[in-house]
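Just so you know, ligand 1 is whichever comes first in the structure, and atom 1 is the first atom listed for that ligand. FYI, side chains are in, hydrogens and waters are out, and symmetry mates aren't considered; it's all heavy atoms of this structure.
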Amino acid sequence: MRARAVLGAVLAVTCAGAIFSFLLRPGGLLWGETEESQVRGIVEASRLLVDKSIYAVMRRDHPRWGASNTALARWLPPAYEDGISEPRGWNPHFLYRGFPLPPVREVTRRIIHASNEAVTGDDRYSDLLTAWGQYIDHDVAFTPQSAGPPAPGAGADCQLTCEPRSPCFPIQLPANAAGPACLPFHRSTAACGTGTQGALFGNLSAANPRQQMNGLTSFLDASTVYGSSAASERRLRNWTSAEGLLRVNVRYRDAGRAFLPFAPPSAPPACAPQPGAPGARAPCFLAGDGRASEVPALAALHTLWLREHNRLASALKALNAHWSADTAYQEARKVVGALHQIITLRDYVPRILGPEAFGRHVGPYRGYDPSVDPTVSNVFSTAAFRFGHATIHPLVRRLDARFQEHPGSRLPLRDAFFRPWRLLEEGGVDPVMRGLLARAAKLQVQDQLLNEELTERLFVLSDAGTLDLASINLQRGRDHGLPGYNEWRQFCGLSRLETWADLGAATANGSMADRILALYGHPDNIDVWLGGLVESFLPGARTGPLFACLVGKQMKALRDGDRPTPGSDGDAASEEEGSLSAALELPCDSSIRLEEGPSEGPAGFWWEHHGVFTEAQRRELGRHSLSRVICDNTGLTHVPRDAFRVGQWPQDFESCDRIPGMDLRAWREAPPPDDACGFPDNVENGGFLLCNESGRRLLVFSCRHGFQLQGPEQLTCTRRGWDSQPPVCRDINECEDGVDPPCHASARCKNTKGGFRCECHDPHVPGEDGRTCVGCSPTLSPRCRPWREREKDLPGWAVGNPGTCALPRTLLRGLQSRYVICKNKAITASLPVTIFTLKSPRAAADET
Ligand code: HEM
């Protein structure tokens, strides 16, 4: 049996490359112009995309554009204090327009910091709008820093020094404050050979200033789900799945649904463990982006898309039984990528920019523009898109099935940073998702910018203590040499602000202008992140004119510069692969924690571009929404039609039955009209692969674990059709195995579909191995009974894992200990008797 399962996996790998090759003809496709034949063309194009180019160069003319581990784009030349590398403010005595730059912590304290109570709710948008912003930022930007203690002689240790010494640029704290004199700050890694590293290459000059890198592909390509390099994608994929699935967590389930897998224990960084759990660190979630565990909302979105991929891949495979695992995977990946693009450009960005600025800076899609560089710009990732930090609510609000809060369901962020166990053990994704939909986002209000949770309690994995996100953002802008606020206004065609009155008008807030000028002395000196943040909103927007311009320009570039599928019209480069290695920039800093070297080039393809999807598929994709994705992948049965619009429960929520979504039949492939063989139906409890062997089309069948083939293992296509009837997969009765019986003699073996069960007579229960019956210990619960299922929710919590014994431990602490037997597995759990309403039918009957 085991041998058969392995065979299936091997076939999936070895045969995958052969599928579809029989359909290709030099110079064109086999079939005419029907929608279904177009499906085929599109799938072939996807395969080309995957096989040749996901991580290979697509644009011979500009191989670095959008590639991971290349320099962030500069839209304006950098402003370094020494012209090459030293940040503004490196030398505290250096004067700008006659004034020293204010220490960033001082700016935070006087202008940005707000108490946790100082929150105004957004009257239109849900907290999901904020979460999507962070999630999508993690699709396009990650600026690596020099992290951890340096190698001997390689520079200062940023945890220990308060001196600005490479690679550290510490955030100075007020001299009179008790405690440490500074907060640690690691400078972002310089792209190799830039800034002072230019000396190594004989190129030390202001013409070669320090550049920072983006560790991710710039494209909106769902790299949060699939990673930004072939190596990380390899880690994320389930290579034994015949349906092209992604790996899921094997230890935890969320009411039957998947959780993200854990990062390997060896992989830094590690997350905070559950109180009382052994070990100083627990594994973080493994996802396409390494920050997935940062806060529960982000982890929930990553989980949602992992599930969506697996749902789509299974459904596509079921529609097209002849697809290999790889084809199902790639096609699902393409759809997931398209949905990320649609939700971002159709639903998210217009809300942030407002209709007028969206029309001006983004506008409708007019096709691929080969002159557009899609690379994420330094000012976008270091300032403009960090506008979202002013919309972060200090609380994580988790809601039960009736959208109610309960004691303990609200979490201050400080108790949520990098704690995957909050999702695993405290009700799963659903309570978080309900909170995101039904609770308002925090409004960015000038006097309520970043709350205490972020300015005093921020936790990041690379540092031991708590940090201040506002000060980090300001310091990061200086670290990256971002020019001041007025330079960027001018870049965007906005007037420079010269006086107090100008600033007062831009912020519509005289007292804000007072406080800013008291610190900076002149509007030119204002850090761009702060200046953009305090501008008053454009009509119908959640940003002022500067950030609307910068975010809009970036989003347009990500869309219009996303290179097309090879061979489709608009593909400037030929399909032949370009040369990569010489062009790519590598970090010189050996302490940098890149997952691996540079990706071999950009991945991406804009969903609206001709040739990426058929017209029918595009129509279907356009019907889909984030609300639909939530319906399809969580336990929520009602959602607002527009997931970013804050909804009052129940009046603004609609049944999922009424939320439109795409019809995947647009992805179904039909056999060619003159084809006598066609595609056989799916084989129940098994599958087949389509292979091309010496010009012959073959189907090779295999069964799932616990089933065996009855009939031929292989069919060959002839002119009259398949040469035989397809086989079926029959259940194996393991209990009949007299040589190697599956259950111990103490148990009774019961055959089930695809497996077996070892049953015990009361009062015995299955032991740890699930095969041997063991007695019920007298020291255990008076009602020691097998517990097959949980029968009732714990009040206030969605059922976590039916059939497992994972219970929210915070509810259980300090209460009476009992012995519970759950799904063949004995565990000790402390259960509060008052909510101990989970009863086996037998125990309940005994009581009455
Ligand atoms: C609770 C939610 C969030 C937390 C805890 C958080 C935290 C952080 C941290 C610690 C950094 C790195 C700062 C640095 O060292 O320079 C960062 C970067 C960033 N954040 Fe957030 N953030 C959150 C939400 C958001 C949101 C809502 C947005 C946008 C809408 C956003 C946009 C960004 C961007 C663009 C970067 C720069 C990414 C890069 O290039 O590495 N963040 N965030």
Undergrad: N451 versus S115: any side-chain heavy-atom pair under 4.5 Å?
TA: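 Result no, sub-4.5 Å side-chain heavy-atom pair not found.
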Undergrad: Y135 vs W305 aromatic rings, parallel, tilted or perpendicular, using cut-offs 30° and 60°?
TA: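 Correct class here is parallel.
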Undergrad: Considering heavy atoms of the protein only, find what lies nearest to atom 27 (C) of ligand 1 and give residue, atom and distance to 0.1 Å.
TA: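 So the nearest neighbour among protein heavy atoms is T130 O, 3.3 Å.
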Undergrad: For ligand 1, which atoms, with element, lie under 4.0 Å from some heavy atom of S381?
TA: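 Matching atoms, with element in brackets: 34 (C), 35 (C), 36 (C), 37 (C), 40 (O).
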Undergrad: Ignoring hydrogens, what is the shortest heavy-atom contact between P170 and T161? Give both atom names and the distance.
TA: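 Smallest heavy-atom distance, with atoms named: CG-O, 3.8 Å.
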Undergrad: Less than 4.0 angstrom from a charged side-chain N to a carboxylate O is my criterion; do R88 and E81 meet it?
TA: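 No, R88 and E81 are not salt-bridged.
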Undergrad: Quick one: which ligand 1 atoms are inside 4.0 Å of a heavy atom on R291?
TA: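 In order of number, 38 (C), 41 (O).
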Undergrad: Can you tell which of I472, L298, V140, L216 gets a heavy atom nearest to atom 14 (C) of ligand 1?
TA: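 Going through I472, L298, V140, L216 one by one, I472 has the nearest heavy atom to atom 14 (C) of ligand 1.
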Undergrad: Give a yes or no on whether R281 atom CZ has more than 12 heavy-atom contacts from other residues, nucleotides or ligands under 6.0 Å away.
TA: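 Atom CZ in R281 is packed in, count exceeds 12.
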Undergrad: If you measure from CD on E405 to CZ on R439, what distance do you get to the nearest 0.5 Å?
TA: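 Going from CD on E405 over to CZ on R439, the span is 4.5 Å.
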Undergrad: Hey, is atom 17 (C) of ligand 1 touched by any protein heavy atom at less than 4.0 Å?
TA: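 Yes, because at least one protein heavy atom sits under 4.0 Å from atom 17 (C) of ligand 1.
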Undergrad: Compare all side-chain heavy atoms of P412 with those of N116 and state whether any distance is below 4.5 angstrom.
TA: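 In short, these two side chains do not touch, never coming nearer than 4.5 Å.
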Undergrad: Taking distance alone, no hydrogens or angles, what donor-acceptor pairs closer than 3.5 Å link side-chain atoms of residues 528-551 to residues at least two apart or in another chain?
TA:
residue, atom, partner, partner atom, Å
W529, NE1, R386, O, 3.2
E535, OE1, L546, N, 2.8
E535, OE2, Y485, OH, 2.6
E535, OE2, R489, NH1, 2.8
S536, OG, A506, O, 3.2
R542, NE, D122, OD2, 2.7
R542, NH2, D122, OD1, 3.0
T543, OG1, I352, O, 2.9

Undergrad: Ignoring water, what protein N, O or S atoms are under 2.8 Å from atom 21 (Fe) of ligand 1?
TA: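 Per the 2.8 Å query on atom 21 (Fe) of ligand 1, atoms found are H389 NE2.
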Undergrad: Taking atom CZ of R346 as the centre, report whether more than 12 heavy atoms of other residues, nucleotides or ligands fall under 6.0 Å from it.
TA: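 Check passes, neighbour count above 12.
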Undergrad: Which residue and non-hydrogen atom of the protein lie closest to atom 1 (C) of ligand 1, and at what distance in Å?
TA: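 The closest heavy atom on the protein side is I392 CG2, 3.5 Å.
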Undergrad: May I ask you to say whether E453 pairs ionically with R457, meaning some side-chain N is under 4.0 Å from a carboxylate O?
TA: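 So E453 does not pair with R457 through a salt bridge.
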Undergrad: Taking the minimum heavy-atom distance to atom 7 (C) of ligand 1, which of E294, R542, R476 ranks first?
TA: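 Result: the heavy atom closest to atom 7 (C) of ligand 1 is in E294.
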Undergrad: Going by heavy-atom distance to atom 41 (O) of ligand 1, choose the closest among N214, L467, N378, T143.
TA: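 The residue whose heavy atom sits nearest atom 41 (O) of ligand 1 is T143.
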Undergrad: Going by heavy atoms, is F417 under 4.0 Å from ligand 1?
TA: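 Yes.
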Undergrad: Hey, which atoms in ligand 1 end up nearer than 4.0 Å to a heavy atom of G133?
TA: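 With G133 as reference, the close atoms of ligand 1 come out as 29 (C), 30 (C).
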Undergrad: Start with the C-alpha gap between D468 and L183, add the side-chain angles, then the distance that decides, and say whether side-chain contact (heavy atoms from CB on, under 4.5 Å) holds.
TA: CA-CA 8 Å; D468 166 6; L183 296 175; 3.9 Å; yes
Undergrad: Is the side chain of E233 donor-acceptor paired with the backbone N or O of G227 at a distance under 3.5 Å, no angle test?
TA: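 Such a contact is absent between E233 side chain and G227 backbone.
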Undergrad: For ligand 1, is Q145 a contact, meaning one of its heavy atoms is under 4.0 Å away?
TA: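 Yes.
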Undergrad: Which residue holds the protein heavy atom closest to atom 29 (C) of ligand 1, what is that atom called, and what is the gap in Å?
TA: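 Its nearest protein heavy-atom neighbour is F385 O, 3.1 Å.
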Undergrad: If we only count N/O pairs under 3.5 Å, is Y348 in contact with ligand 1?
TA: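 Y348 vs ligand 1: no N/O contact under 3.5 Å.
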Undergrad: Is there a side-chain contact (heavy atoms from CB on, under 4.5 Å) between H302 and F285? Walk through the geometry before answering.
TA: CA-CA 9 Å; H302 277 274; F285 287 131; over 6 Å; no
Undergrad: Of all the non-hydrogen atoms in the protein, which one sits nearest to atom 10 (C) of ligand 1, and at what distance?
TA: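 For atom 10 (C) of ligand 1, the nearest protein heavy atom comes out as V460 CG1, 3.6 Å.
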